[in-house]
Amino acid sequence: MKILITGGAGFIGSHLCDFLLEKGHEVICMDNLITGNMDNIAHLFGRKEFSFVQHDVTNYIYVAGDLDYILHFASPASPKDYLMFPIQTLKVGALGTHKALGLARSKGSKFLLASTSECYGDPLIHPQPEEYWGNVNPIGLRGVYDEAKRFAEATTMAYHRYHGIDTRIIRIFNTYGPRMRKDDGRAIPNFITQALSGQALTVFGDGSQTRSICYVSDLVDGIYKLMNSDVDTPTNIGNPEEMTILQLAEKIIAITESESAIAFKSLPEDDPKVRRPDISKARKLLGWEPSVNADEGLRRTVRYFKEQI
Ligand code: NAD
Ligand code: UDP
């Protein structure tokens, strides 16, 4: 297949480029590098099945020739990034998704939207199944990301129903691994960087909020299974291994054999108190199951960060 990946120079997008090239597909990576990094894809230049286009997908997207699949991953994704780029985040979720769907319509391509567990907001149902509509504050600081993704889901379903586009929606839960930026502000890069440099790990609030962390290779496997399925309704992909943020910080201190302390800082506005995917649907319809546990995934990620530092 000839596949366009928007946001392909980002953390997840670059792993998708690698994976799809290995599967023998042709990959066009499109990115405006607002939070992405050319280093993530530098090793792919020179391969004839790979090309890179620097472009902001909130503007008209031009791709020559046929296109079989569009994977729409462009969007700032870490809370620090989307708070720094609130308007760009709203635009890429709304206008960027509209442009990417318009391209899918004109080329007759299949389309997969990278959505998020943030669609569930600060959830009142736990764990979160796809049927849950969520608890999102539209005017809070995180609203720029959450509502943009909810709009993106609504637009995708409208193009599916009205124009008959063959679409997929994946709701990604906290994913981590090599190629996360060490300054992207997310808990795992922050904690690893702090632990490796002997600084205190900054736990927000009392650290009792939970997250369930998925290693990037498991996510990519889930994306590929969803791409090749006929499941056209939103599907959670994430690892249900849930822990508190304080437990995550302690685990990273243990893995890095660091002597760092823990420093408690104030909790950001609307920070979800719990998060854990119900993955019954992915298990049943995709035969997908995560295989890398948190200890192993974190060890691999620490190795990457050590090389970077
Ligand atoms: P990332 O910031 O590393 O990657 C996003 C990429 O999109 C970057 O390369 C950025 O430059 C690019 N981009 C942003 N706006 C663009 C625009 N207007 N035009 C072209 N490119 C643009 O983040 P990530 O963690 O790799 O996330 C990738 C996708 O997965 C995002 O859509 C995100 O919402 C979604 N997601 C990620 C997670 C996670 O845990 N990592 C969880 C839920 C959803
Ligand atoms: N967090 C933290 N210390 C940090 C960064 C994040 O305690 O240095 C917390 C954050 O408040 C949230 C959790 O870790 O409760 C996960 O944050 P992250 O930014 O990784 O992703 P989120 O799930 O909030 O999108």
Side-chain angles (χ1 to χ4, degrees), residues 5-17 29-38 40-41 53-59 61 71-83 85 87-97 99-100 113-119 122 142 145-146 148-149 152 170-177 179-181 184-194 199-214 216 219 223 236-238 243-246 248-249 252 262-275 277:
I5 308 179
T6 75
F11 158 53
I12 297 173
S14 64
H15 285 282
L16 270 174
C17 290
C29 168
M30 187 173 279
D31 204 298
N32 68 350
L33 302 175
I34 187 172
T35 57
N37 190 338
M38 290 298 277
N40 291 338
I41 50 167
V53 183
Q54 186 163 349
H55 180 66
D56 177 344
V57 299
T58 62
N59 300 312
I61 306 172
L71 305 178
H72 182 43
F73 278 69
S75 172
S78 90
K80 182 179 161 194
D81 288 345
Y82 58 71
L83 296 182
F85 302 114
I87 312 292
Q88 289 94 328
T89 303
L90 283 159
K91 283 177 73 178
V92 75
L95 306 179
T97 305
K99 296 288 179 289
L113 171 70
S115 187
T116 167
S117 54
E118 280 284 326
C119 286
D122 189 4
R142 296 173 87 106
Y145 181 67
D146 303 8
K149 289 289 185 180
I170 177 172
R171 290 195 183 138
I172 303 171
F173 283 65
N174 295 69
T175 298
Y176 69 100
R179 300 190 193 150
M180 293 184 98
R181 287 191 347 262
D184 84 0
R186 290 185 263 205
I188 291 175
N190 271 7
F191 291 168
I192 295 179
T193 311
Q194 290 159 344
Q199 293 167 270
L201 278 67
T202 52
V203 167
F204 299 161
D206 62 5
S208 63
Q209 69 274 30
T210 69
R211 294 294 185 273
S212 308
I213 61 172
C214 182
V216 65
L219 173 73
I223 293 168
N236 290 340
I237 297 284
M243 65 190 84
T244 68
I245 291 301
L246 184 57
L248 174 65
I252 289 175
I262 288 177
F264 292 92
K265 304 277 180 190
S266 56
L267 190 66
E269 179 183 306
D270 296 333
D271 199 288
K273 285 180 268 311
V274 290
R275 182 181 290 155

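When a residue number appears, it is its place in the shown sequence, counting from 1. Numbering of ligands and ligand atoms starts at 1, following listing order.
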### Task
Go through the side-chain N and O atoms of R275 and N174 and say whether any donor and acceptor fall under 3.5 Å apart.
yes
### Query
Within the structure, does T35 bring an N/O atom to less than 3.5 angstrom of an N/O atom in ligand 1?
yes
### Message
Under the criterion side-chain contact (heavy atoms from CB on, under 4.5 Å), I'd like the reasoning laid out for R171 against S115: C-alpha separation, chi angles, the key distance, then a yes or no.
### Response
CA-CA 5 Å; R171 290 195 183 138; S115 187; 4.2 Å; yes
#### Entry: A9 near ligand 1 by a heavy-atom separation under 4.0 Å
yes
### Message
D184: which residues meet the salt bridge (charged side-chain N to carboxylate O under 4.0 Å, His left out) condition with it, sequence neighbours left out?
### Response
R186
### Task
Please examine the side chains of I172 and F73, heavy atoms only from C-beta on, and report whether any two atoms are closer than 4.5 Å.
yes
### Message
With nothing but distance in play, are any N or O atoms of T175 less than 3.5 Å from an N or O of ligand 1?
### Response
yes
#### Entry: For K80, salt bridge (charged side-chain N to carboxylate O under 4.0 Å, His left out) partners two or more places apart
none
### Query
To the nearest 0.5 Å, how far apart are CG in N40 and CD1 in I12?
11.5 Å
### Query
For ligand 1, is there an N or O atom under 3.5 Å from any N or O atom of M30?
no
### Query
Can you check whether G36 has an N/O within less than 3.5 Å of an N/O in ligand 1?
yes
### Message
For atom 13 (N) of ligand 1, what is the closest protein heavy atom, and at what distance to 0.1 Å?
### Response
N32 OD1, 3.5 Å
### Message
Using side-chain heavy atoms (C-beta onward) and a distance below 4.5 Å, is D122 in contact with D270?
### Response
no
### Task
Just jot down the side chain to side chain donor-acceptor pair (under 3.5 Å) partners of T35, sequence neighbours excluded, or say none.
none
### Min N/O separation I172 to ligand 1 under 3.5 Å
no
### Task
Could you tell me if any non-hydrogen atom of H55 lies under 4.0 Å from any atom of ligand 1?
yes
### Message
I want to know if ligand 1 touches G10 in the polar sense, i.e. an N/O pair below 3.5 angstrom.
### Response
yes
### Message
Geometry only, no angles: is K149 polar-contacting ligand 1 at N/O separations under 3.5 Å?
### Response
yes
### Side chain proximity check, T210 to T244, heavy atoms < 4.5 angstrom
yes
### Query
For I34, is the nearest heavy atom under 4.0 Å from an atom of ligand 1?
yes
Between the protein and ligand 2, which nitrogen or oxygen pairs come in under 3.5 Å, and how far apart is each?
residue, atom, partner, partner atom, Å
ligand 2, 3 (N), T202, O, 2.5
ligand 2, 7 (O), F204, N, 2.7
ligand 2, 8 (O), N190, ND2, 2.8
ligand 2, 8 (O), T202, O, 3.1
ligand 2, 8 (O), T202, OG1, 2.9
ligand 2, 11 (O), D271, OD2, 2.5
ligand 2, 15 (O), Q209, NE2, 3.0
ligand 2, 15 (O), R211, NH2, 3.3
ligand 2, 15 (O), D271, OD1, 2.6
ligand 2, 15 (O), D271, OD2, 3.3
ligand 2, 20 (O), A187, N, 2.9
ligand 2, 23 (O), N174, ND2, 2.8
ligand 2, 23 (O), R211, NE, 2.6
ligand 2, 23 (O), R275, NH1, 2.7
ligand 2, 24 (O), R142, NH2, 3.0
ligand 2, 24 (O), R211, NH2, 3.2
ligand 2, 25 (O), R142, NH2, 3.2

### Message
Test your reading of the structure: does F11 have an N or O sitting under 3.5 Å from an N or O of ligand 1?
### Response
yes
## Note on the structure
closest protein heavy atom to atom 34 (O) of ligand 1 is Y145 OH, 2.6 Å
### Query
Between H72 and ligand 1, does any nitrogen or oxygen pair lie at a separation below 3.5 Å?
no
### Query
Does ligand 1 have an atom under 4.0 Å from some heavy atom of R186?
yes
### Query
With side chains defined as the heavy atoms from C-beta onward, is the minimum distance between N32 and V57 less than 4.5 Å?
no
### Closest protein heavy atom to atom 5 (C) of ligand 1, given as residue, atom name and distance to 0.1 Å
S75 O, 3.2 Å
#### Entry: Protein heavy-atom partner closest to atom 18 (N) of ligand 1 - residue, atom, separation in Å
D56 OD1, 2.9 Å
### Task
Would you mind checking which non-hydrogen protein atom is closest to atom 19 (N) of ligand 1, with the distance to 0.1 Å?
V57 N, 3.0 Å
### Query
Which heavy atom of the protein is the closest neighbour of atom 26 (O) of ligand 1, given with residue, atom name and distance?
I12 N, 2.8 Å
### Polar atom proximity, S115 to ligand 1 (N or O, under 3.5 Å)
no
### Query
Which heavy atom of the protein is the closest neighbour of atom 28 (C) of ligand 1, given with residue, atom name and distance?
F73 O, 3.6 Å
#### Entry: Rounded distance [0.5 Å steps], CD in Q194 versus OG1 in T202
3.5 Å
### Task
Distance to 0.1 Å, residue and atom name: give those for the protein heavy atom nearest to atom 23 (O) of ligand 1.
A77 CB, 3.4 Å
### Task
Under the side-chain contact (heavy atoms from CB on, under 4.5 Å) rule, what do L219 and I170 come out as? Steps first, then yes or no, please.
CA-CA 10 Å; L219 173 73; I170 177 172; 4.1 Å; yes
